[in-house]
Number of protein chains: 2
Amino acid sequence: MNHSPQVGRPRRSSQRILEESAAELFLEQTYARTTVDQIAQRAGVSRNTFFNYFGSKSDVLWVDIDETLERLSLELAAASPSVPVMDAVRDAVTRVAAAHPDDRVPWALTHVDLMGTREELEASGLRRLMKQSDVLRDFIGQRVRSADSSLSRAAAFATLAAAAAAAGAWVSAGVGRRALAEYVADAVGPVCAGFAAVIEPG
Amino acid sequence: MNHSPQVGRPRRSSQRILEESAAELFLEQTYARTTVDQIAQRAGVSRNTFFNYFGSKSDVLWVDIDETLERLSLELAAASPSVPVMDAVRDAVTRVAAAHPDDRVPWALTHVDLMGTREELEASGLRRLMKQSDVLRDFIGQRVRSADSSLSRAAAFATLAAAAAAAGAWVSAGVGRRALAEYVADAVGPVCAGFAAVIEPG
DNA sequence: CCGAATTATTGGACGCGGTGTAATAACTAC
DNA sequence: GTAGTTATTACACCGCGTCCAATAATTCGG
């Protein structure tokens with residue numbers, strides 16, 4: 001699991017360095033107006049090296065989010081089979097949110113206003129979220145004997161969307177905010193309750 | 001409202017022509033492998049003319065969707081103030097879906113499999129939907145005296161995401177499918193019910 | 001019939017993101 | 001020192017999207 005090689009040419013840069021260089025430039029020039037060249041140049045590496053550490057320019061904005069979201073499948077797998085499916089979903093999503101370090105507010109969200117086109121930001125953010133939709137849909141569908149797979153899909157989509165909205169609210173709340181998990185729980189709760197009433201009409 | 005000019009050079013092309021040329025090429029080569037140049041060339045116009053009719057390459061995929069989605073704000077405005085908020089939301093969204101012509105299955109969704117990266121497609125489609133989130137959020141927030149605006153946002157996001165999932169299911173159902181509005185109602189219903197229980201605990 | 005105004009189309013150039021490839025640098029192990 | 005491994009680099013390329021200036025095709029007013 002440890003991917004730190006003792007052999008071969010040592011790394012000159014790192015995700016952190018590039019991230020910081022990018023953040024500076026974004027603040028100075030906004031996201032839209034800074035090029036990958038500039039980021040790489042400030043970090044002291046070539047443009048191609050940037051793409052060695054990030055798959056795309058927008059990836060810089062979401063490093064923290066990605067790390068946190070990877071926990072979702074683990075949390076789902078750890079769910080007890082005895083608890084109702086939508087309760088398990090709500091708890092898993094909430095726990096993922098709780099695992100996110102409170103001090104690490106994703107850069108992208110804190111400076112939404114500074115980023116020229118907000119659409120591009122939303123698009124890349126949604127894409128991040130949708131990556132998890134398959135995992136969530138499979139989990140729900142697995143536990144539901146309903147032949148109507150569209151319901152699982154809808155539940156997964158709606159749950160993640162609510163979580164995204166909660167994250168947005170959390171950031172907007174500013175310094176005096178409560179914990180992220182609370183916002184997420186408040187937003188995801190109604191969605192899961194609504195679908196639970198349909199999926200498990202017990 | 002009619003912007004058809006009697007003066008000036010007449011149009012050589014149209015959105016329909018370009019759309020059809022694009023559809024042919026997408027089927028032959030997939031979306032990812034066809035360039036804007038090719039679309040324009042097949043339509044008998046120059047590349048720049050393409051951008052006269054569409055803002056971007058992906059816009060071609062969503063013309064029908066965009067037309068339908070524009071109805072949302074109208075439906076919301078027509079809602080009676082006496083009916084509970086989330087009921088009004090559910091009905092409005094369902095009516096928008098009902099207004100979509102059943103024969104006009106959005107090209108993008110019918111051929112999801114043929115389009116290289118499905119992620120990009122899903123994201124761009126969801127983005128279209130989320131353009132309406134402001135309208136929906138404002139509508140909900142207006143009728144709710146709750147100071148917690150984050151709930152309105154979550155409700156709007158979740159509702160639209162459920163609608164998107166329903167649209168996907170509708171397309172996947174193939175030729176023997178029921179009406180789009182039914183899928184949407186099934187998916188949006190639980191979401192609205194869940195939030196109604198929180199927003200209007202009456 | 002002629003010019004002015006209007007609108008669509010066109011070509012050309014540019015910037016930027018992203019990909020691919022082949023060369024090379026920096027290091028470890030033997 | 002040589003071989004193997006990995007990171008970095010330069011270079012070329014493609015495609016999307018934008019901008020701009022030129023031009024074609026039409027209507028309108030004289």
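Residue numbers start from 1 in every chain, and the chains themselves are labelled A, B, ... in the order their sequence lines are given, proteins ahead of strands. Computed from heavy atoms alone, side chains included, the values below leave out hydrogens, waters and symmetry copies.
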Checklist entry - Is the shortest side-chain N/O distance from A/Arg9 to OP1 or OP2 of D/dT8 below 4.0 Å? => result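 Negative; the distance criterion is not met.
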Next on the checklist: If the cut-off is 4.0 Å, is B/Arg12 near the phosphate of C/dT10, judged by side-chain N/O to OP1 or OP2?
Outcome noted: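 True: B/Arg12 side-chain N/O within range (under 4.0 Å) of C/dT10 OP1/OP2.
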Checklist entry - Are side-chain heavy atoms of A/Val89 and A/Val188 found at a separation under 4.5 Å? => result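 They are not in contact (no side-chain heavy atoms under 4.5 Å apart), so the answer is no.
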Item to check | Note, B/Glu28 side chain near B/Thr34 side chain (heavy atom, < 4.5 Å) | outcome: no
Round to the nearest Å and state the distance from [X] atom [atom1] to [N] atom [atom2].
{"X": "B/Gln6", "N": "D/dA25", "atom1": "CD", "atom2": "C1'", "value": "15 Å"}
{"X": "A/Arg33", "N": "C/dG17", "atom1": "CZ", "atom2": "C1'", "value": "17 Å"}
{"X": "B/Ile39", "N": "D/dC16", "atom1": "CD1", "atom2": "C1'", "value": "11 Å"}
{"X": "B/Lys57", "N": "D/dT18", "atom1": "NZ", "atom2": "C1'", "value": "17 Å"}
{"X": "B/Asp59", "N": "D/dC16", "atom1": "CG", "atom2": "C1'", "value": "12 Å"}
{"X": "B/Gln29", "N": "D/dC14", "atom1": "CD", "atom2": "P", "value": "16 Å"}
{"X": "B/Leu18", "N": "C/dA8", "atom1": "CG", "atom2": "P", "value": "14 Å"}
{"X": "B/Asp37", "N": "D/dG15", "atom1": "CG", "atom2": "P", "value": "8 Å"}

Item to check | Sugar-phosphate only, base, or nothing, as touched by A/Thr34 at under 4.0 Å among non-hydrogen atoms | outcome: sugar-phosphate
Next on the checklist: Regarding A/Tyr53, tell me which of base, sugar-phosphate or nothing describes its non-hydrogen contacts under 4.0 Å with the strands shown.
Outcome noted: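 It contacts sugar-phosphate atoms only.
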Checklist entry - For A/Gln41, does the CD atom have more than 12 heavy-atom neighbours from other residues, nucleotides or ligands under 6.0 Å away? => result no
Item to check | Nearest-nucleotide comparison on DNA chain D, the residue closer to the 5′ end among A/Ser14 and B/Ser58 | outcome: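 The residue closer to the strand's 5' end, by nearest nucleotide, is A/Ser14.
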Next on the checklist: I need the minimum non-hydrogen distance between A/Ala185 and A/Pro190, along with the two atoms involved.
Outcome noted: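 Shortest heavy-atom separation between A/Ala185 and A/Pro190 comes out as O-CD, 4.4 Å.
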Next on the checklist: For A/Gln38 and A/Thr35: C-alpha separation, side-chain torsions, deciding distance, then whether side-chain contact (heavy atoms from CB on, under 4.5 Å) applies.
Outcome noted: CA-CA 5 Å; A/Gln38 292 172 331; A/Thr35 71; 3.3 Å; yes
Next on the checklist: Please list, in numerical order, the residues of residues 45-52 of chain B that have a heavy atom closer than 4.0 Å to any atom of DNA chain D.
Outcome noted: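 Those residues are B/Arg47, B/Asn48, B/Phe51.
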Next on the checklist: Using heavy-atom distances to pick each residue's nearest nucleotide on DNA chain C, tell me which of A/Thr35 and A/Gly55 is more 5'.
Outcome noted: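 It is A/Thr35 whose nearest nucleotide is closer to the 5' end.
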Checklist entry - Does one side chain, of B/Ser56 or B/Asp59, offer a donor that lies under 3.5 Å from an acceptor on the other? => result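 Yes, because at least one side-chain N or O of B/Ser56 sits under 3.5 Å from a partner of the opposite role on B/Asp59.
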Next on the checklist: Could you go through B/Phe50 and B/Ser13, starting from their C-alpha distance and side-chain angles, then the distance that decides it, and tell me whether this counts as side-chain contact (heavy atoms from CB on, under 4.5 Å)?
Outcome noted: CA-CA 9 Å; B/Phe50 172 88; B/Ser13 190; over 6 Å; no
